[in-house]
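Here the structure comes first, spelled out in C-alpha cells, and everything after it is commentary.
Owing to the predicted nature of the structure, the values given are computational and were not obtained by experimental measurement. Just so we're on the same page: letters track the sequence lines, and every chain starts at 1.
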Amino acid sequence: MDRYEQVIELAKRRGFLWNSFELYGGAAGFYDYGPLGSTLKRRIEQIWRELYVIHEGFMEIETPTIGIEDVFVASGHVGGFSDPLCECKECGEAFRADHLVDKIVEIADALSNEELDRLIKENNIGCPECGGELGEAYEFNLMFKTSIGPGTGRQGYMRPETAQGMFVNFQRLSRYYREKLPFGATQIGKSYRNEISPRQGVIRLREFTQAEAEIFTHPEEKTHPNIGRFEDVTLNLYSDEAQQKGVIEQMTVREAIDRKIIAHEFLAYHIALTNNFLQRVGIAADKLRFRQHQKDEMAHYAIDCWDAEILTDRFGWIEVVGIADRTDYDLMAHAKTSGTELVVHVEYDEPKMIEQFVVKPNMAKMGPLFKGKAKTVADALKELSSDELDKEEIKVTVDGEDFTVPSDIISYTQETVKVSGEKIVPHVIEPSYGIDRILYCTMEHAFEEEMVAAEGEEEERIVLRFQNEVAPVQVAILPLLTREELMDPAKQIAEKLRNRGLLVAYDDSRAIGRRYRRNDEIGTPYSITIDYDTLEDNSVTIRDRDTMEQVRAPVDGIEDVIYDLVYGKRDFETAGVKL
RNA sequence: GCGCUGAUGGUCUAGUGGCAUGACUGGGGCCUUCCAAGCCCUAAACCCGGGUUCAAAUCCCGGUCGGCGCACCA
C-alpha cells in the first residue's frame, strides 16, 4: 500500500471520505464527506474565512450554483470551456482536433469544427495511433447542462467556477464598498465540471468545492499597504525561468518583488497569504511551492499566474490554488455582453482643469424643429469641429437621415472644465482554492506511521498529526475503566467542554490503550482520562497525541486549559504537572 | 472516451465449478488503575445484470466502480 492508499483507506474507515452512491454501485467523480470529513472541511474553510473575509475584509457572498446562458457566453465558458474532439473510426481513440492541425495553421484553437474537418481532410491527417480514418470533430463542453423551468425551459448550466457570481454582481459590490478600490468579494461553494475521466480520488471531481476571492484593484496601483507583513517570508518559487533550469528557488517576498519575478506587489502579497494559509492548515513547508505559469499556458488575458502546488506521495506536485492577475478581462467581457458599463469612478487627488471644445445646441429651439430626433441630432452636432459649425447651414446625418440645422441655434465655446476623476475598469486579482484537494493534502501530510514501545516490544502506531485548529475532534474524554463511578464524572467533564464550544468525543468502549489509538488515528490532539485519583482529588490526566506524554490537571477550569491548548495560547508543559 | 487490470464482511485477505478462509476492526459482557492485553458472546461479505451448467463468488458476455497507461484537465 502506498501512502495514498493508506490515507484513503483510513479516510473511508474512520468517516472522512466515502465514495458517493456506493449503495448503487457509485458514480465516478463524486465523493461524500463523512462526519469527520465534513468537520475537517468546515474547519479548513473557517480558517480561510478568517483570513480572507475577516482579516482582508473581502465579504462573502452566495450566488446560485446554476447559471443562465448569458453569464457563460460572456465568460467564454460556452464557447471556450470545451474542446473539439475527434475520434478514430478504426481504433476509437479520441484526440484534440485542434492539436492535430496545430502544425499546419497558427491559430488552430480558433477554428470551427467545420474548418477543422476541412483541414484534416485536405491534409490527409490520419489517426496518430493506427493511421485510420478520423471522424468528424465535435465539441465536448465541460459544463453540465440543465434546463430552467418546465418543458424545454431556458438553457442553464451548473457553474464551472464560483467567480462569475462575483463578476456579475460587480456594480452591487462596488456600491457596497462605496466605490473605493481595491475591494473584493469571496465565495465558498460547489462548482461543477463534467470531466471526461475523473481520476485520483478527491483530486479531480465532477462536483467540488472552491473558495475564491475576486479582488478589484486599480490597474495602475498594484502596491499593497500590508506587504510589510510578509516581506521577510521565504517562499519556494518555481518561476518560469526556474522551470527552465528545473530548480525551485527560495527567496523572500521582497526579493521576488524587487527582482520582478512576481509581476507586482499586490500579487506577491496574495501569494504570501496563500503560503500562510496552506501552512496554517497543516501543509508541510518543504512540500509546498509556487509555480509560475509559463507564457504559453497562461490565459491570453492574464498578466501573471502562479499555482500553489503541494507534493504528494503518489501524484507528485498537484495544483491546489491558482493566483492570477486576470486584468480587466472578465469585467470587459460582461460589460460587452450585457451592454452595461462596469466601471468605478476614481476621483483625482486634485481636480484637473481641461481645455475643452464645447458645443451648446439651444434645445429650446431644437425641440420644436426636430421633435423626437432632437436629442440624437444634438448629440451628432457635439461631435462636429468648429469649422463645420461655422457654416451657415450645418448638415448632419443621423440613422441615415439628413438634417439641416440653422447655425443660429448652435453656439460653441472653448472652455476650461473641471474634471474631478475618471472611469476605471478595475483589474481582478483572483486567488482560487480547490478545497477538496487541500483537505486530502492535509490528511496526507498529517499521516504518520511510527513504531512505539508496547509490552517490551515495538508496535506500529498510525497517527494523524493534524494542526489543532483543523482537527475534527479536539479532545477525547475517556474513563480509564468501564465503571459507573468513572463514567459519570467523565460525562460531566465532556458536557463542560462542549459548553466551552469544543469538539468533544466521549469514548468508554474497550481498553484505554485502544481508545488512545483510535483517537490518534483520527488526529484528536488531546485526551482527558478520568481515573480513581479523579474521585480523590478532582484532577484528570491530559495526554498529548504527538508525544503520548501526560500531565495531571485539576478538573476545575479544565475547559479553559483545553481551549487554550487547542488554540495555541498555552504549551502542553504548562497545562498541568508532568507525570 | 480507448487499452490493460482488478472488485469477497467496516478494513485487509484466502478460495477459482459443489457448505465462503482467516486476521484486524465494530458491538455486548467478564476482567482490567494508562497506551490496539486476555477470555466469552455477537454482528458482518462473493459489485450489478444476463448467459453457460444439475450446480457460478469461480467460466463467458455486457455494465458499474477502482487502479495504471493514452487522451483530457478553461
Side-chain angles (χ1 to χ4, degrees), chain A residues 1-2 4-6 8-15 18-30 72 75-88 90-96 99-100 109 127-130 138 140-143 160-161 163 191 193-201 203-206 297-302 314 318-319 322 324 326 432 452-457 459-463 478-483 486 509-521 527-536 540-541 543 545 548-550 552 579:
Chain A
M1 267 213 256
D2 68 3
Y4 171 79
E5 264 179 289
Q6 285 181 304
I8 290 297
E9 187 268 318
L10 187 152
K12 212 184 264 184
R13 195 158 42 81
R14 291 296 189 190
W18 297 324
N19 285 105
S20 295
F21 318 117
E22 226 177 357
L23 184 62
Y24 292 102
F30 298 95
F72 301 117
S75 71
H77 286 100
V78 168
F81 198 57
S82 62
D83 297 311
L85 291 186
C86 188
E87 280 173 35
C88 172
E90 308 288 324
C91 68
E93 194 80 27
F95 303 95
R96 280 281 294 272
H99 288 181
L100 292 169
D109 55 357
C127 170
E129 285 294 308
C130 70
Y138 61 92
F140 182 83
N141 192 291
L142 262 39
M143 284 195 293
E161 58 177 17
S191 292
R193 294 176 194 182
N194 202 1
E195 298 285 350
I196 297 170
S197 167
R199 287 278 173 86
Q200 307 169 332
I203 305 300
R204 252 174 79 205
L205 295 169
R206 289 188 165 127
E297 77 181 293
M298 194 154 50
H300 63 275
Y301 49 82
R314 181 185 283 197
I318 61 169
E319 175 197 342
R326 302 173 59 102
S432 173
V452 293
E455 305 273 318
E457 292 171 31
E459 66 177 18
E460 192 186 83
R461 173 174 91 124
I462 291 175
V463 52
L478 315 169
L480 183 62
L481 302 173
T482 324
R483 289 194 182 148
L486 296 180
S509 69
R510 303 202 138 254
I512 187 68
R514 182 179 294 229
R515 283 177 273 153
Y516 285 146
R517 292 301 159 77
R518 276 205 278 252
N519 278 288
D520 289 341
E521 227 181 41
S527 299
I528 291 177
T529 308
I530 289 81
D531 57 23
Y532 281 95
D533 290 344
T534 309
L535 305 181
E536 299 285 318
V540 290
T541 62
R543 171 188 182 267
R545 175 197 66 207
M548 300 195 289
E549 280 172 7
Q550 290 183 300
R552 189 134 203 124
L579 293 182

Could you work out the separation of [N] and [M] based on their [atom1] atoms and round it to a whole Å?
N     : M     : atom1 : result
B:C30 : B:G49 : C1'   : 48 Å
B:U42 : B:G3  : P     : 49 Å
B:U52 : B:G17 : C1'   : 11 Å
B:A20 : B:U8  : C1'   : 8 Å
B:C12 : B:G66 : P     : 15 Å
B:A36 : B:G50 : C1'   : 46 Å
B:U21 : B:A44 : P     : 15 Å
B:C4  : B:C19 : P     : 33 Å

Can you tell if the side chain of [X] reaches within under 4.5 Å of the side chain of [Y], non-hydrogen atoms only?
X      : Y      : result
A:L478 : A:I512 : yes
A:T529 : A:R543 : no
A:N519 : A:R545 : no
A:I203 : A:E319 : no
A:R515 : A:P479 : yes
A:L142 : A:H77  : no

Closest listed nucleotide, where the reference is the side chain of [X] and the choices are [options]:
X      : options             : answer
A:R14  : B:A36, B:C65, B:U33 : B:A36
A:R514 : B:A36, B:G66, B:C73 : B:A36
A:R483 : B:U33, B:C12, B:C73 : B:U33
A:R510 : B:C73, B:U11, B:C40 : B:C40
A:R517 : B:U25, B:C35, B:U11 : B:C35

Length of the [atom1]-[atom2] vector between [X] and [N], whole Å:
X      : N     : atom1 : atom2 : answer
A:Q200 : B:C65 : CD    : P     : 17 Å
A:L481 : B:C30 : CG    : P     : 12 Å
A:Y516 : B:A37 : OH    : C1'   : 15 Å
A:E22  : B:U8  : CD    : P     : 11 Å
A:L579 : B:U33 : CG    : C1'   : 13 Å
A:I462 : B:C24 : CD1   : C1'   : 12 Å
A:E161 : B:C73 : CD    : C1'   : 14 Å
A:H77  : B:C73 : NE2   : P     : 13 Å

Name the nucleic acid region contacted by A:E521, choosing base, sugar-phosphate or nothing; use a 4.0 angstrom heavy-atom cut-off, strictly under.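 Base, at least one base heavy atom under 4.0 Å.
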Could you check whether A:R204 gets within reach of a base, just the sugar-phosphate, or nothing at all, counting any heavy atom under 4.0 Å?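 Base contact.
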According to the Watson-Crick and G-U wobble definitions, with both distances under 3.5 Å, which nucleotide is paired to [N]?
N     : value
B:A7  : B:U64
B:A55 : none
B:G38 : B:C30
B:G69 : B:C2

Give a yes/no on whether any side-chain N or O of [X] is located under 4.0 angstrom from OP1 or OP2 of [N].
X      : N     : result
A:R13  : B:C24 : no
A:Y24  : B:C47 : no
A:R199 : B:G69 : no
A:S509 : B:G28 : no
A:R461 : B:C35 : no

If you assign each of A:F30 and A:R543 to its closest nucleotide in RNA chain B, which residue comes earlier from the 5' end?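 First, find each residue's nearest nucleotide; the 5'-ward one identifies A:R543.
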Between A:R314 and A:Q550, which is nearer to the 5' end of RNA chain B once each is assigned its nearest nucleotide?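 So the residue in question is A:Q550.
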Within the modelled atom types, does a donor on one side and an acceptor on the other bring the side chain of [X] and the base of [N] under 3.5 Å apart?
X      : N     : result
A:N19  : B:C65 : no
A:E459 : B:A37 : no
A:T541 : B:C34 : yes

Would you say the side chains of A:R483 and A:Y532 form a donor-acceptor pair under 3.5 Å?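 Their side chains do contain a donor-acceptor pair, which is all the 3.5 Å distance test asks for.
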Verdict with supporting geometry, A:R206 and A:S20, side chain to side chain donor-acceptor pair (under 3.5 Å): CA-CA 12 Å; A:R206 289 188 165 127; A:S20 295; over 6 Å; no
